[in-house]
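The structure appears below as structure tokens.
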Amino acid sequence: MSDQRESPPPEPVIVVGAGYVGLVTAAGLAELGHAVWVVDVEDERIQMLRDGRVPITEPGLTEAFQKHCEALHFETKLSDAIRASGARLVFVAVGTPTTRRDDSGGADLEFVDCVVQDLLCESGELALVMKSTVPPGTGNAIRENPAFREKDFAYVSCPEFLMEGEALKGVSNPDRVVIGRQEGCWAAAAVRDIHLALKPVPTIFETDIASAEMIKVVSNVMLAMRVSCANEVANVSEEVGADSSDVMYGVGLDARIGPEFLRPGAGFGGSCFAKDVKSFRAVAVAHDVTVHLPSAVLDSNEAQTERIVAKLQARIGSLETVPVAVLGLAFKPGTDDVRESPALRLATALRSAGAVVQGFDPDPGVRTKVVRHSRLAEPRDWLADREVYPTAQDAMTGVRACVVVTGWSDFASIDWRAAAQAMTGNLVLDCPGILDASRVSAAGLAYEGVGRASPGISQGVLGVG
Ligand code: UDX
Ligand code: UDX
């Protein structure tokens, strides 16, 4: 929907949640000329931002914050931000993790509730613009909250579709902008005006709040389903001697299917896919609707970790006391985010099989993070100090097999001859399919991918490594 009238001058806005989404959203709004007040409960995070440092790794974000340093302000309290900015629009990008309070798999809205409570202490023409992924039905429940109605605040659902590692592109040039609102809502018009200032003007789809929330969750369910399908196609391709990259290329030529998100690997990770698939399932269960796909997608994803372990066992035999290099620890390349990382899932499975994990990630922040978490959280889900190595070469020294999990482009330039000298075995398992197999083989190593002919895994036929 496009509008011919000139967009009004950029108004000041507030973004609550200085995380992967909030910070990128703030940078995008500043780029459009808005003064932006970023609010976060973590003093340390706000202090870092005030010192000109960005607390996450996202390509281009530090440069964007430096460019707009005059327009970006940082507060730990929403009330202070409202007073200082005079803003009407409060974008919310706080975490909505899978709840730990029960096994429903539903989203934990505790942090969203905190922001709503903070907003209810304010008065005047204010709107809550929800960027965080919330279960369908959340926005209407907030709007119908008597205290919210009494304040006559507006509510707009404006879900984010940002991909980490390329999030700034997603904010400046989105595929589409979805706005969920009540008909005639002033805040929806203001949010639309903000996005009309983007060049090129994106597709702006306006719908009701619950539909906007469904669009967000279902988008991730669909994307996760494609990845799990690609993984299972890859596994079958290995057994029948097909090449799944050709298979999925040919499948993707169908205009109804398309080529994206059909790359197999070690399984999907990240803070959103599993969370949103579980959330969708939880909403269905809460409404007594039987759904099968979410569980199938999640089970398939979990099984992909075991499949990678089985591939190693088929070539090496028992992994008991066997050192294995795990290259790439972030959940995908281009980010320092390790949430739901497939590499860490694999490390846990390898340890359970008795293997000795030697991990590496090109991002030093990732290496530090996984060790820090192992001290703070459940050690088995992270890597201990002794399991994290400063270089790929060090991580590959003495190992029987090397598994590339996260497809960092850095790994394409590994010196495989040096690696072959340092390794005690010769297996290189390239889960994301980013290596040049001929360079690996030329070094005297045995290259194996995911989805390329390697029959016998399912029957557990033990090769000779
Ligand atoms: C979050 C949601 O997890 C995701 O579902 C949604 O799509 C976008 O927002 P992300 O930005 O990755 O994604 O969250 P995270 O990196 O955890 O950042 C959330 C920030 O909010 C943290 O810095 C946290 O300190 C802050 N926060 C949390 C608040 O400021 N107030 C709170 O009450 C709770
Ligand atoms: C995802 C959605 O893409 C985004 O729209 C939403 O806003 C947040 O969740 P993100 O989690 O940042 O974004 O990463 P994405 O690029 O979608 O990858 C998610 C996981 O799937 C990663 O572990 C990635 O390695 C994996 N993946 C992706 C595959 O294994 N194969 C693919 O073809 C694509």
Side-chain angles (χ1 to χ4, degrees), residues 15-26 38-46 48-49 55-56 58 74-78 81 91-98 107-118 130-135 158-167 170-171 174-176 213 215-217 219-224 226-231 234 245 248 252 259-277 279 301 304 328 330-343 345 405-408 431-434 450:
V15 175
V16 181
Y20 287 88
V21 173
L23 290 174
V24 171
T25 300
V38 176
V39 179
D40 198 294
V41 289
E42 288 180 12
D43 293 333
E44 185 187 333
R45 192 174 281 247
I46 290 298
M48 272 185 84
L49 289 160
I56 62 170
E58 179 61 45
F74 307 104
E75 299 288 354
T76 54
K77 288 189 177 58
L78 177 56
F91 289 81
V92 178
V94 295
T96 51
T98 300
D108 183 341
L109 297 179
E110 176 195 354
F111 301 147
V112 168
D113 292 343
C114 287
V115 180
V116 171
Q117 292 313 314
D118 288 349
M130 185 56 72
K131 277 263 162 238
S132 289
T133 304
V134 293
C158 185
E160 51 83 22
F161 301 97
L162 308 178
M163 293 169 67
E164 292 187 34
E166 43 193 293
V171 117
D175 279 353
R176 81 300 205 185
E213 291 166 339
I215 289 168
K216 169 60 199 177
V217 172
S219 296
N220 273 359
V221 171
M222 294 289 280
L223 291 167
R226 287 175 73 101
V227 174
S228 284
C229 179
N231 286 332
S245 54
M248 296 320 270
E260 299 298 327
F261 276 71
L262 294 176
R263 174 179 48 76
F268 59 75
S271 68
C272 295
F273 273 10
K275 164 174 72 74
D276 294 349
V277 173
S279 175
N301 197 50
Q304 196 62 8
F331 86 86
K332 65 183 272 196
T335 178
D336 66 339
D337 196 346
V338 292
R339 290 177 290 186
E340 301 294 319
S341 166
R345 261 199 314 267
V405 185
T406 312
W408 286 102
C431 298
I434 56 139
V450 170

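Both ligands and their constituent atoms are indexed starting at 1 by order of listing. All values below were derived from every heavy atom in this structure, side-chain atoms included, with hydrogens, water molecules and symmetry-related copies excluded.
- Judged by the shortest distance from any of its heavy atoms, Glu164 lies outside the 4.0 Å radius around the atoms of ligand 1.
- In terms of protein heavy atoms, atom 3 (O) of ligand 2 is closest to Met163 CG, 3.4 Å.
- The shortest distance between side-chain heavy atoms of Lys275 and Arg339 does not fall below 4.5 Å.
- Between Phe331 and ligand 2, a contact under 3.5 Å exists for at least one N or O pair.
- Contact check for Phe161 versus Asp175: no side-chain heavy atoms found under the 4.5 Å cut-off.
- Given atom 6 (C) of ligand 2, the protein heavy atom at minimum distance is Lys216 NZ, 3.2 Å.
- By the 30° and 60° cut-offs, the orientation of the rings of Phe273 relative to Phe268 is perpendicular.
- Nearest protein heavy-atom contact of atom 31 (N) of ligand 2 is Arg263 O, 2.8 Å.
- Below 4.0 Å from some heavy atom of Glu160 lie the following atoms of ligand 2, by number and element: 7 (O).
- Lys332 NZ, 3.7 Å is the protein heavy atom nearest to atom 15 (P) of ligand 2.
- For atom 23 (O) of ligand 2, the candidate residues are Gly269, Pro264, Ala266, Ser228; the nearest heavy-atom contact is made by Gly269.
- Contact annotation: for Asn220 versus ligand 2, heavy atoms closer than 4.0 Å belong to the side chain alone.
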